[in-house]
A.B. asks: 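Before we start, here is the structure in question, set down as structure tokens.
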Amino acid sequence: MSQKTPVFLLKTKSTPGDSYQEQFSSETDGSNFEPYFVPVLEHRFKDEGLATVRNLLQTKAIGTGFDCAYGGLVFTSQRAVEAFTHLVQELTGDDRWPHLQDIPVYSVGPATTRALKAVPQQPPLQVFGEHTGNGESLASYIIEHYGEWYKGRSTKPPLLFLVGEQRRDIIPKKLMDPALPSDKFIRIEEVVVYGTGVMKSFQEDFTKLLQETEDRPARWVVVFSPSGCDGMLSALGWLNESSGRVENDFRQEDRQTYIATIGPTTRLHLVNNFGYEPDVCAEQPSPEGIWQGISRFWNDSKR
């Protein structure tokens, strides 16, 4: 029996189940992978942001009423959903809850959508945008969908966007573009509900796994965000510590380890900051998208 190909997933394993483990634990089309989770980031709830959202929920300031401060919610990360779920669980049993079943809740992709659909509220939240996959597409979808949801109002109610300390401003810029007609313009306000930092032990943990699997003929590393890319490249021994870049004499044909990124943002970070072009950039930010990219790469390399 041939050895399984390790797939190092540079992320914290989701609970209670992780779709990446499911995807890479089953043998498909002759591919036999062995998934390893390597946490990169530490997430900490931000008390000030949680207090702000808690107050909005308790005072029913998020809703469809004309007197509500916000008419909908936006999420682009599972960590923001975890913070939100933490607050919802606090309110369970409160006679002021639930009250969000009539507003649109926007989600950037399948993982965030699954987390939102698991929020303990009956009737459940109405979640939209799963198909969009990135902030740019989600913003375009919101402009049309939210406009239709509140089509009776010339000025749309603001949206509340629960975010982390590190985030891109694509969605706010697009929704509040001064060039938009007044009936399309949507004010969106961000509340920081969690902070993120690279774990001190990440590079050491990853190096240990690389040493334990150095006899494997091939290995894959799946990168989910720009954070920790320097530690990953250093652990692989590919980074020139003085220049901070992968040097031109790095010999691709001699290696056993290949890199896949979850999407174009992380790919561009590797290219622009480290001079390294990953082997695969997933067309869809999902377990299936990563698996399809790796399979395509293998098939192309065998030709």
Side-chain angles (χ1 to χ4, degrees), residues 11 14 19-20 43 49 53 56 62 64 70-85 100-119 124-151 153 155-194 196 223-227 261-269 281-290:
K11 67 185 287 289
S14 299
S19 53
Y20 285 89
H43 305 284
V53 179
L56 291 169
I62 308 169
T64 56
Y70 302 98
L73 294 165
V74 179
F75 295 87
T76 57
S77 81
Q78 292 182 69
R79 305 306 166 207
V81 178
E82 287 176 6
F84 177 70
T85 303
L100 299 180
Q101 59 268 24
D102 297 324
I103 66 163
V105 179
Y106 296 104
S107 166
V108 78
T112 307
T113 298
R114 281 193 297 271
L116 282 166
K117 287 183 176 178
V119 171
L125 299 174
Q126 296 194 62
V127 186
F128 305 95
E130 174 181 0
H131 64 283
T132 57
N134 60 65
E136 180 86 15
S137 298
L138 179 61
S140 298
Y141 175 77
I142 289 173
I143 289 172
E144 299 305 319
H145 186 272
Y146 198 66
E148 184 63 24
W149 195 277
Y150 290 103
K151 61 184 177 183
R153 304 192 199 181
T155 301
K156 309 306 178 209
L159 281 165
L160 183 65
F161 188 8
L162 276 62
V163 298
E165 287 176 327
Q166 300 176 22
R167 74 275 188 190
R168 302 177 73 195
D169 60 358
I170 289 174
I171 293 176
K173 275 187 174 179
K174 191 151 187 172
L175 297 188
M176 296 190 292
D177 185 343
L180 285 170
S182 59
D183 63 334
K184 297 283 188 183
F185 184 93
I186 303 168
R187 182 164 297 284
I188 183 167
E189 297 180 10
E190 298 176 326
V191 177
V192 177
V193 292
Y194 71 95
T196 304
V223 191
F224 291 85
S225 81
S227 301
T261 65
I262 192 64
T265 300
T266 304
R267 173 192 165 271
L268 284 174
H269 180 76
C281 177
E283 293 182 2
Q284 292 294 325
S286 65
E288 296 80 10
I290 289 288

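Hydrogens, waters and symmetry mates play no part in the numbers below; they use all other heavy atoms, side chains included. In this chain, numbering begins with 1 at the start of the sequence shown.
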A.B. asks: For Glu283, give me all partners under side-chain hydrogen bond (donor to acceptor under 3.5 Å, both in side chains), at least two apart in sequence or on another chain.
C.D. replies: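 By the side-chain hydrogen bond (donor to acceptor under 3.5 Å, both in side chains) rule, Glu283 matches no residue at all.
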A.B. asks: Can you name the residues that form a side-chain contact (heavy atoms from CB on, under 4.5 Å) with Ser227, not counting sequence neighbours?
C.D. replies: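 By the side-chain contact (heavy atoms from CB on, under 4.5 Å) rule, Ser227 matches Leu41, Gln166, Val198, Ser225.
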A.B. asks: For a quick test of reading the model, state the closest non-hydrogen atom pair linking Pro104 to Gly71 and the distance between them.
C.D. replies: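 Smallest heavy-atom distance, with atoms named: CD-O, 3.4 Å.
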A.B. asks: Just how far is it from atom CZ of Phe84 to atom CG of Leu100, taken to the nearest 0.5 Å?
C.D. replies: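 Phe84 CZ to Leu100 CG: 5.0 Å, rounded to 0.5 Å.
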A.B. asks: Output the distance between atom CG (Leu73) and atom CD1 (Ile188), rounded to the nearest 0.5 Å.
C.D. replies: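 With rounding to 0.5 Å, CG (Leu73) is 10.0 Å from CD1 (Ile188).
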A.B. asks: Under the side-chain hydrogen bond (donor to acceptor under 3.5 Å, both in side chains) definition, can you give me all pairs with a residue in residues 108-119, not counting sequence neighbours?
C.D. replies: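 Output for this query lists Ser19-Arg114, Ser107-Thr113.
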A.B. asks: For the atom pair OG1 (Thr265) and CG (Asn134), what is the distance rounded to the nearest 0.5 Å?
C.D. replies: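 One gets 8.0 Å once the value is rounded to the nearest 0.5 Å.
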A.B. asks: Ile171 and Leu138: which non-hydrogen atoms are nearest, and at how many Å?
C.D. replies: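 Scanning both residues, the minimum pair turns out to be CD1-CD2, 3.9 Å.
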A.B. asks: Is there side-chain contact between Pro157 and Tyr146, with heavy atoms separated by less than 4.5 Å?
C.D. replies: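 Of all side-chain heavy-atom pairs linking Tyr146 with Pro157, at least one is under 4.5 Å.
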A.B. asks: To the nearest 0.5 Å, how far apart are CZ in Arg79 and CD in Glu165?
C.D. replies: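 Answer for the CZ-CD pair, Arg79 versus Glu165, is 14.5 Å.
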A.B. asks: Any side-chain heavy-atom pair from Val105 and Phe75 closer than 4.5 angstrom?
C.D. replies: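 Counting from C-beta outward, Val105 and Phe75 do come under 4.5 Å.
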A.B. asks: Which atom names give the shortest non-hydrogen contact between Val119 and Val81, and what distance separates them?
C.D. replies: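 Shortest heavy-atom separation between Val119 and Val81 comes out as CG2-CG1, 4.3 Å.
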A.B. asks: To the nearest 0.5 Å, tell me how far Asp169 CG sits from Lys174 NZ.
C.D. replies: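 Atom-to-atom, Asp169:CG and Lys174:NZ are 13.0 Å apart.
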A.B. asks: Go through the structure and list residues passing side-chain contact (heavy atoms from CB on, under 4.5 Å) with Pro178, not counting sequence neighbours.
C.D. replies: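 For Pro178 there are no side-chain contact (heavy atoms from CB on, under 4.5 Å) partners, ignoring immediate neighbours.
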A.B. asks: Decide if atom CD of Gln284 counts as having more than 12 heavy atoms of other residues, nucleotides or ligands within a radius under 6.0 Å.
C.D. replies: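 Counting other residues, nucleotides and ligands, CD of Gln284 stays at 12 neighbours or fewer.
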A.B. asks: What residues, two or more places apart in sequence or in another chain, satisfy ring-ring contact (aromatic ring centres under 6.0 Å, His included) together with Tyr70?
C.D. replies: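 Tyr70 satisfies ring-ring contact (aromatic ring centres under 6.0 Å, His included) with no residue once adjacent residues are dropped.
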A.B. asks: Might you point out which heavy atoms bring Leu159 and Val74 nearest each other, and give the distance in Å?
C.D. replies: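 Heavy atoms only, the tightest pair is CD1-CG2, 4.0 Å.
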A.B. asks: NZ of Lys156 to NZ of Lys184: how many Å apart, nearest 0.5 Å?
C.D. replies: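 Result: 8.5 Å between the selected atoms.
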A.B. asks: I want to check something: taking the side chain as every heavy atom from C-beta on, are Leu162 and Tyr194 in contact at a cut-off of under 4.5 Å?
C.D. replies: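 The answer is no; the side chains never approach within 4.5 Å.
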A.B. asks: Give a yes or no on this: more than 12 heavy atoms of other residues, nucleotides or ligands lie within 6.0 Å of atom CZ of Arg187.
C.D. replies: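 No.
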A.B. asks: Do Gln126 and Gln101 touch side chain to side chain, with heavy atoms closer than 4.5 Å?
C.D. replies: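 No, too far: nothing below the 4.5 Å cut-off.
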A.B. asks: Please find the pair of heavy atoms, one from Phe185 and one from Asp177, that lie closest to each other, and give the distance.
C.D. replies: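 Looks like CD1-O, 3.8 Å.
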A.B. asks: Restricting to ring-ring contact (aromatic ring centres under 6.0 Å, His included), what partner residues turn up for His145, sequence neighbours left out?
C.D. replies: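 Per chain and number, His145 pairs via ring-ring contact (aromatic ring centres under 6.0 Å, His included) with Tyr106, Phe128, Tyr141, Trp149.
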A.B. asks: Minimum heavy-atom separation for Pro264 and Cys281, please, with both atom names.
C.D. replies: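 Scanning both residues completely, I find the closest heavy atoms to be N-SG, 3.6 Å.
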